[in-house]
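The block underneath contains the structure these notes are about, expressed in structure tokens.
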Amino acid sequence: MVSEALQEWGTVPALWKRRHLLGVEELSAAEITLILDQAERFREVLCRRRNNLTGGDRKIPLLNGKTCVNLFFENSTRTRTSFGLAARRLGADVIEFTAATSSLAKGETIIDTAKNLEAMQIDCVVVRHGCPGTPKLLSENLNCSVLNAGDGTHEHPTQGLLDMLTIRQRFGTLKGLTVALVGDIAHSRTARSNIWGLKKLGANVIVCGPSTLVSKHWEEFGVECSYSLDAILDRVDVFNLLRIQFERQVVRPFPSIAEYAHLYAMNGERMRRTKRDVLIIAPGPINRGVEITPEVADGPHSAILEQVTNGVAVRMAVLWLTLTQENDNRK
Ligand code: CP
């Protein structure tokens with residue numbers, strides 16, 4: 001069965017040398033494209049097998065015998081579940097580590113905790129932590145693969161990749177598209193992963209929100225800054241609507257949620273001023289009535305649930321590329 005899967009999927013292309021995925025910033029355009037291409041292949045098989053009424057085998061046993069640990073120190077619905085599902089779809093075993101009930105509470109450091117898990121002969125740590133740089137720290141102290149599932153305000157690479165896959169599926173390319181990231185740019189790791197990836201693949205990027213959440217500093221990286229959603233509505237192909245991350249804010253960056261929603265929520269009235277084929281995406285969780293109204297979230301332009309499906313495929317691609325045995329000279 002494994003050899004059949006290897007025949008179908010082939011070996012990892014020589015271009016891919018990485019053992020870890022720490023951020024999109026470090027990836028080349030070719031590496032990003034490789035991940036998206038592989039994810040599309042996985043998605044096609046998963047969806048085809050799901051729709052097969054005779055019930056085909058939905059596993060692609062490329063990672064049989066491997067073990068992945070989900071090491072999450074922050075809440076998650078989509079990322080944790082889809083990393084676990086992606087690993088299982090590829091035949092790997094998954095260990096769910098829960099920080100609150102672990103020996104971290106007895107004073108063990110995160111590095112010691114991870115080294116102890118590694119001593120159980122695991123192959124991969126998928127880590128989410130509130131402190132930027134935690135995945136890099138672990139990658140420097142472990143011999144297994146480390147995948148970043150979100151580190152503070154730094155990066156959320158698989159979210160950025162699944163966003164790009166969703167856009168590419170709709171438009172065929174990212175080159176020349178105008179993509180607006182709207183909302184809490186200051187605290188959003190998703191915004192950072194999107195910015196690096198979208199720029200590398202040739203999209204024009206606008207960051208839009210209140211001046212307290214949108215730094216002019218992004219212009220140094222070729223990103224346009226806008227403080228008015230109304231002013232950009234008619235020239236944007238994709239709106240990526242970001243949640244206000246109250247949990248990361250020390251002081252509230254605007255007077256009230258109602259005022260924020262008045263100025264920046266994507267609603268039915270604003271949708272009537274966008275391009276006819278505009279695409280609406282959001283990383284989730286969404287706060288209905290704050291950054292997006294229900295009629296937009298559930299409307300015909302929304303690809304929010306497609307993003308979630310793509311998240312499984314992207315994480316399968318990342319797991320396969322980083323964990324596959326054919327990889328020598330890995331970074
Ligand atoms: N988009 C995202 O990271 O969702 P979760 O926090 O639910 O994983």
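In this chain, numbering begins with 1 at the start of the sequence shown. Keep in mind it's a predicted model, so treat the numbers as computed, not measured. Note that ligands are numbered from 1 as they come in the structure, with each ligand's atoms numbered from 1 the same way.
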Residue-ligand contact Gly284/ligand 1, heavy atom below 4.0 Å | yes
Does Ile232 reach the side chain of Tyr227, with side-chain heavy atoms less than 4.5 Å apart?
-> no
Can you list the ligand 1 atoms lying under 4.0 Å from a non-hydrogen atom of Pro283?
-> 1 (N)
Between Arg270 and Asp230, is the closest basic N to carboxylate O distance under 4.0 Å?
-> yes
Of the listed options Arg128, Arg78, Gln159, closest to atom 6 (O) of ligand 1 (non-hydrogen atoms) | Arg128
Does a side-chain N-to-carboxylate-O contact under 4.0 Å join Lys17 and Glu26?
-> no
Connected via hydrophobic side-chain network under 4.5 Å: Trp9 and Met316 | yes
Enumerate the atoms of ligand 1 whose separation from the nearest heavy atom of His156 is less than 4.0 angstrom.
-> 2 (C), 3 (O)
Which heavy atom of the protein is the closest neighbour of atom 7 (O) of ligand 1, given with residue, atom name and distance?
-> Thr77 N, 2.7 Å
So, is the end of the Arg315 side chain (NZ or CZ) under 6.0 Å from the ring centre of Phe83 and within 45° of the ring's axis?
-> yes
Relative to the heavy atoms of Thr79, which atoms of ligand 1 are at a distance of less than 4.0 Å?
-> 2 (C), 3 (O), 4 (O), 5 (P), 8 (O)
